[in-house]
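Take a look at the structure set out below.
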Amino acid sequence: MNKKMTINSIQKSKGERPLVMITAYDALFAKLFEESADMILVGDSLNMSFAGKKDTLSATIDQMIYHTNAVCSGAKNTFVVCDMPFGTYATKDEALKNAIKVFRETGADCVKIEGGSDKAGIVRHLTQNGVAVCGHIGLLPQSVRGEGGYKVKGKTESQKINLLKDAKAIEEAGAFCMVVEGVKAEVASEVAKSVKIPVIGIGAGNGVDGQVLVFSDMLGLFEEFTPKFVKKYIDGATLVKDALKQYANEVKTREFPQDIHTY
Ligand code: KIV
């Protein structure tokens, strides 16, 4: 079994090898992912792919705690990141209160917070109080309603300058790593080079320090839409539907259960 990563070994990996991060929302999948993932993210994307909502905004801290607990039970030997949901870190006090709740009630190793320079004060307050923080800049799913859609960043010079400022601000505030989402590849690569902490990309090209994907996307289980940056490693939806079809047929024809499935 691989040794569980720490914020120190995660930071040391920069420049040595790309980090592998994947989302999980329950113990079953978390356990399956342990062997290959450096870090498991309990993302608030669970509100869409697990809870069936149209965006991440209605995820609650209790929901995140419930799923993080399940993931920590399944992947006892993997670094677990718990996403702080929308509205739970609007002020320093709220952020610390909720991060402490996550740490007290789950085995999460850090929390993740969306935002750049605007959230640096919050990130600093958390890190100064012993909370490990993974930043998240670029396309921010929690800002989807405020921005009127999911907008790829880094397309203009001013967006590039803002991203570089955001990354620096989050690093200086004490984050030990950050996710960069939905950013033009060459800009994401510049961002990664501009900071000393690992930059984990999603839809940010191959010039960053690691990759994260939403597991239900990469396993082809989430059928509503497939962003350009997703590679489906298996067609999970078809595999599951075919298996269910076969099971249903066998129940109806009494092919299942057979003697070997019977006491
Ligand atoms: O919620 C999530 O799954 C995320 C990833 C998209 C990075 O934040």
Side-chain angles (χ1 to χ4, degrees), residues 10 18-26 29-30 33 37-61 63-68 70-71 75 78-89 98 102 106 108-116 119 123 133-145 147 149-153 163 166-167 170 175-183 188 191-192 197-205 208-219 221-222 224-232:
I10 288 166
L19 289 161
V20 180
M21 188 193 261
I22 185 76
T23 67
Y25 315 133
D26 61 29
F29 277 100
F33 299 159
D38 294 312
M39 305 161 87
I40 295 183
L41 167 65
V42 188
D44 59 357
S45 53
L46 64 81
N47 208 45
M48 298 167 79
S49 56
F50 186 87
K53 302 290 192 293
K54 73 173 167 46
D55 57 33
T56 61
L57 272 70
S58 56
T60 65
I61 197 77
Q63 221 177 322
M64 297 310 299
I65 285 172
Y66 174 84
H67 288 279
T68 302
V71 166
T78 305
F79 191 96
V80 173
V81 182
C82 174
D83 234 351
M84 297 285 282
F86 180 66
T88 61
Y89 53 96
N98 284 315
V102 168
T106 78
D109 296 285
C110 77
V111 296
K112 178 164 81 58
I113 285 200
E114 290 186 14
K119 288 288 181 297
V123 172
V133 176
C134 170
H136 182 152
I137 65 169
L139 185 158
L140 306 178
Q142 291 178 11
S143 302
V144 61
R145 296 189 202 167
E147 292 198 356
Y150 296 102
K151 306 267 174 13
V152 172
K153 299 288 164 59
L163 280 164
D166 284 343
I170 293 302
F176 74 96
C177 78
M178 75 182 83
V179 167
V180 173
E181 177 167 1
V183 170
V191 165
I197 59 176
V199 170
I200 301 172
I202 174 163
V208 289
D209 307 307
Q211 298 292 329
V212 53
L213 280 178
V214 172
F215 87 93
S216 42
D217 288 339
M218 59 87 73
L219 296 182
L221 292 166
F222 188 67
E224 317 307 311
F225 59 89
T226 307
K228 177 181 162 67
F229 60 81
V230 169
K231 177 171 176 183
K232 287 190 181 184

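All ligand and atom numbering here is 1-based and tracks the order in the structure. Residue numbers count from 1 along this sequence.
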Considering the heavy atoms of [X], write down every atom of ligand 1 situated less than 4.0 Å from one of them.
| X | answer |
| --- | --- |
| I202 | 6 (C) |
| H136 | 8 (O) |
| D83 | 1 (O), 2 (C), 8 (O) |
| V214 | 3 (O) |
| G43 | 1 (O), 2 (C), 3 (O) |

Going by distance only, is there an N or O of [X] that falls short of 3.5 Å from an N or O of ligand 1?
| X | value |
| --- | --- |
| T23 | no |
| Y25 | no |
| E181 | no |
| E114 | no |

So, [X] side chain and [Y] main chain: donor-acceptor pair closer than 3.5 Å or not?
| X | Y | value |
| --- | --- | --- |
| D44 | L57 | no |
| D217 | V230 | no |
| Q211 | G203 | no |

Run the ring-centre check on F29 versus Y25 and record whether the distance is less than 6.0 Å.
no
Taking the ring centre of each residue, are Y150 and F229 less than 6.0 Å apart?
no
What's the separation between atom OG1 in T56 and atom CE in M48, rounded to the nearest 0.5 Å?
7.0 Å
Which residue and non-hydrogen atom of the protein lie closest to [atom], and at what distance in Å?
| atom | answer |
| --- | --- |
| atom 7 (C) of ligand 1 | L41 CD2, 3.6 Å |
| atom 2 (C) of ligand 1 | S45 OG, 3.3 Å |
| atom 8 (O) of ligand 1 | K112 NZ, 2.9 Å |

Given T68, which partner from the list V80, L46, L41, D83 fulfils the side-chain contact (heavy atoms from CB on, under 4.5 Å) test?
V80
Could you establish whether M21 and ligand 1 come within less than 4.0 Å of each other, counting only heavy atoms on the residue side?
no
Looking at every heavy atom in both A75 and I40, which two are closest together, and how far apart are they?
CB-CD1, 3.7 Å
Work out which heavy atom in V183 is nearest to a heavy atom in A188; give both atom names and the distance.
CG1-N, 3.7 Å
Select one of side chain, backbone, both or neither to describe which atoms of T56 lie under 4.0 Å from any atom of ligand 1, heavy atoms only.
neither
